Structures are given as C-alpha cells and as structure tokens.
Amino acid sequence: MDLITEIYRRLYEAYGPQSWWPAETWFEVVVGAVLTQNTAWKNVERAIENLKRAGLLEPRKLYETNDEFVEMLIKPAGFWKLKARRLKNLLQKLAEHDFDFYRLRESLTRDELLSVAGIGPETADSILLYAFEQPVFVVDNYTRRIFTRVGVLNGKENYSQIQSMFQRAVKDIETMKEYHALLVEHAKKVCKKREPRCDSCALKDLCQTWNKVRSETAV
DNA sequence: GTCCAGTTAC
DNA sequence: GTAACCGGAC
C-alpha cells in the first residue's frame with residue numbers, strides 16, 4: 001500500500017468523517033473559498049454570517065451590491081478591500097453562466113476560474129471540488145506542511161506536481177473531499193506550524209521529522 | 001520577496 | 001508583541 005493511501009487511512013481513523021465543506025449552499029462554498037485565502041476560518045465564518053444576515057448570500061444579490069457595503073460586511077475576514085474585488089471578479093464569471101448551478105457544474109472549467117483575477121489554483125480547486133463536485137485534489141499550505149514534514153515532499157514541488165501525486169493515488173470525489181478536510185483538521189490540531197504535537201500524532205511512526213527528533217534524543 | 005490588513009493563539 | 005491563519009498578484 002502506498003504512503004498517500006496509508007496516511008489517509010490513519011487520518012480517517014484518527015478524526016473520523018469530516019463531511020466537508022462546512023456550508024449550506026454551493027454559493028456559500030464559493031464565497032468561503034475566496035474569503036478564507038490566508039485567513040483563519042473562524043474569521044471567515046463571521047464574514048459569511050454578516051453576508052447571510054444582509055441577505056447577500058445569493059449570487060445575483062451579491063453581484064448587484066456596491067463594493068463599499070460588501071467590504072464592510074466581510075471585514076472580519078481580513079484583506080477586505082482586496083477580497084470584495086475578488087468576489088466581484090468571480091461573480092462576473094459566474095454571471096456568464098447565468099449563476100445557474102447545473103450549468104456551472106456542466107461547463108465551468110478550471111482555466112476559466114484561473115482567468116479570474118484573485119482566483120489561484122487552490123481557490124479554483126476548492127470551488128470545483130466542493131461546490132461543483134469535480135474530481136480535483138485541493139493542495140493547500142497544510143498539505144505541503146504535513147507531507148514535507150513526513151518526508152514525502154522536499155518543499156520545492158509546485159502546485160501541479162503535488163496535485164498530480166495525490167490524483168494518482170486518489171480517484172474518487174468523496175475521498176478527495178474527505179482527504180483535504182482531514183489534512184486541514186490534522187494541521188490545525190496536531191501538525192501545527194509552531195509547537196506541533198508530535199507525541200500524539202497518528203502519523204509519527206511514518207514521519208521523518210519525528211524519527212529524526214527521536215534518534216537525536218535517544219540515549 | 002512584499003503587500004494585503006482583521007482576529008485569535010501563543 | 002507577534003506569529004499564524006484552508007493565498008494570490010506583483
């Protein structure tokens with residue numbers, strides 16, 4: 001069994017099903033994917049709640065709202081001026097498909113998303129996978145951190161190289177959704193940037209970083 | 001590498 | 001105080 005599959009099994013065993021993305025509608029996934037760029041999810045939740053209360057978590061409504069009002073509502077998520085612009089850019093693209101879920105799911109391509117200013121590979125793939133059920137693996141900073149520490153990556157691979165590696169091992173959409181969610185959970189709870197909790201890590205026996213520390217502190 | 005630029009964790 | 005946060009553009 002390959003390492004990628006084994007790590008999935010370990011994480012699933014440790015954390016259980018995550019049932020991602022945490023959102024009620026496809027459009028909430030889209031908005032959340034933009035707002036969470038380099039931002040703690042807790043702050044994104046506040047921004048989404050503000051949009052929801054204002055009745056703007058609906059594509060046409062948000063598209064027609066002036067930027068200043070949107071900026072005010074999404075402030076808790078940070079980068080507010082930038083992200084209001086990015087949401088508008090993205091909405092303009094969705095408008096080309098009449099904001100229609102089924103039409104978008106049929107015809108919205110990755111290249112189209114990447115052509116939108118402010119939508120990079122991770123945001124595009126999050127939208128494709130979690131909003132429109134397309135089989136793409138989402139690579140984020142957490143994925144890089146965990147697999148670099150374990151020793152599968154050397155830290156110099158680019159996005160598409162890492163994505164290819166996962167997509168060779170994982171084929172079905174549900175596992176792709178679950179795997180990324182489990183990596184996020186693991187990175188937040190255990191494989192943290194500062195003071196990782198290696199002692200309680202489900203991957204420690206597979207992890208180069210952990211084994212290095214162990215061999216150096218052994219008597 | 002730097003900017004963006006709010007909120008929490010440490 | 002400052003590092004970190006489900007990045008992307010320049």
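All chains are named by letter (A, B, ...) in the order of the sequence lines, taking the proteins before the strands, and each is independently numbered beginning at 1. Just so it is clear, the model here is predicted, and its values are computed rather than measured.
- In the set B/dT8, B/dA5, B/dC10, B/dA5 carries the atom at the smallest distance from any side-chain atom of A/Phe79.
- B/dT7 atom P lies 7 Å from atom CG of A/Asn43, rounded to whole Å.
- Annotation: C/dA4 and B/dG1 have their P atoms spaced 15 Å apart (nearest Å).
- For A/Leu113 and C/dG8, the CG to P distance is 11 Å, given to the nearest whole Å.
- Proximity of A/Lys192 to the phosphate of B/dC10: a side-chain N or O atom is located under 4.0 Å from OP1 or OP2.
- Phosphate proximity of B/dT8 to A/Arg46: present, with a side-chain N or O under 4.0 Å from OP1 or OP2.
- The ring of A/Phe166 has its center no closer than 6.0 angstrom to the ring center of A/Tyr8.
- Of all nucleotides listed (C/dA3, B/dT8, C/dC5), C/dC5 comes nearest to the side chain of A/Ala40.
- Within 4.0 Å (heavy atoms only), A/Ile119 reaches sugar-phosphate atoms of the nucleic acid but no base atom.
- Nucleic acid contact for A/Lys81: sugar-phosphate only, since backbone atoms but no base atoms lie under 4.0 Å from a heavy atom of the residue.
- Taking atom P in both C/dG8 and B/dT7, one finds a spacing of 22 Å when rounded to whole Å.
- Counting to the nearest Å, the P atom of C/dG7 and the CH2 atom of A/Trp41 are 11 Å from each other.
- Salt-bridge formation is not detected for the pair A/Glu71/A/Arg85: no Lys NZ or Arg NE/NH1/NH2 atom is positioned less than 4.0 Å from an Asp or Glu carboxylate oxygen.
- For A/Thr39, whose side chain is taken as the heavy atoms from C-beta onward, the closest listed nucleotide among B/dG6, B/dC4, C/dG8 is B/dG6.
- Backbone-only engagement by A/Arg145 is indicated by non-hydrogen atom pairs under 4.0 Å involving sugar-phosphate atoms exclusively.
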Residue pair A/Asn89, A/Arg86: steps toward the side-chain hydrogen bond (donor to acceptor under 3.5 Å, both in side chains) verdict: CA-CA 5 Å; A/Asn89 294 343; A/Arg86 290 178 175 181; over 6 Å; no

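- In this structure, a donor-acceptor pair under 3.5 Å is absent between the side chains of A/Asn141 and A/Glu122.
- Comparing B/dC3 with C/dT2, their P atoms sit 16 Å apart, to the nearest whole Å.
- Each of A/Ala117 and A/Asp140 lies near DNA chain C, and the nucleotide nearest A/Asp140 is the one positioned closer to the 5' end.
- Out of B/dC10, B/dT8, C/dG8, the shortest distance to the side chain of A/Thr123 is found at C/dG8.
- Atom NE2 of A/His180 is separated from atom P of C/dG7 by 9 Å (rounded to the nearest Å).
- Straight-line distance from the CD atom of A/Glu45 to the P atom of C/dC5: 17 Å, rounded to whole Å.
- A/Trp20 and A/Trp41 have their aromatic ring centers separated by at least 6.0 angstrom.
- A/Arg60 has no carboxylate O lying under 4.0 Å from a charged side-chain N of A/Glu64, or vice versa, which leaves the two without a salt bridge.
- The interatomic distance linking A/Leu114 (CG) with C/dA9 (C1') rounds to 13 Å, in whole Å.
- Listed candidates were B/dT7, C/dC5, C/dG8. Nearest to the side chain of A/Pro76 is B/dT7.
- Nucleotide C/dA4 holds its P atom 18 Å from the NZ atom of A/Lys42, rounded to whole Å.
- Computed from coordinates, the A/Ile74 CD1 to B/dT7 P distance equals 12 Å when rounded to whole Å.
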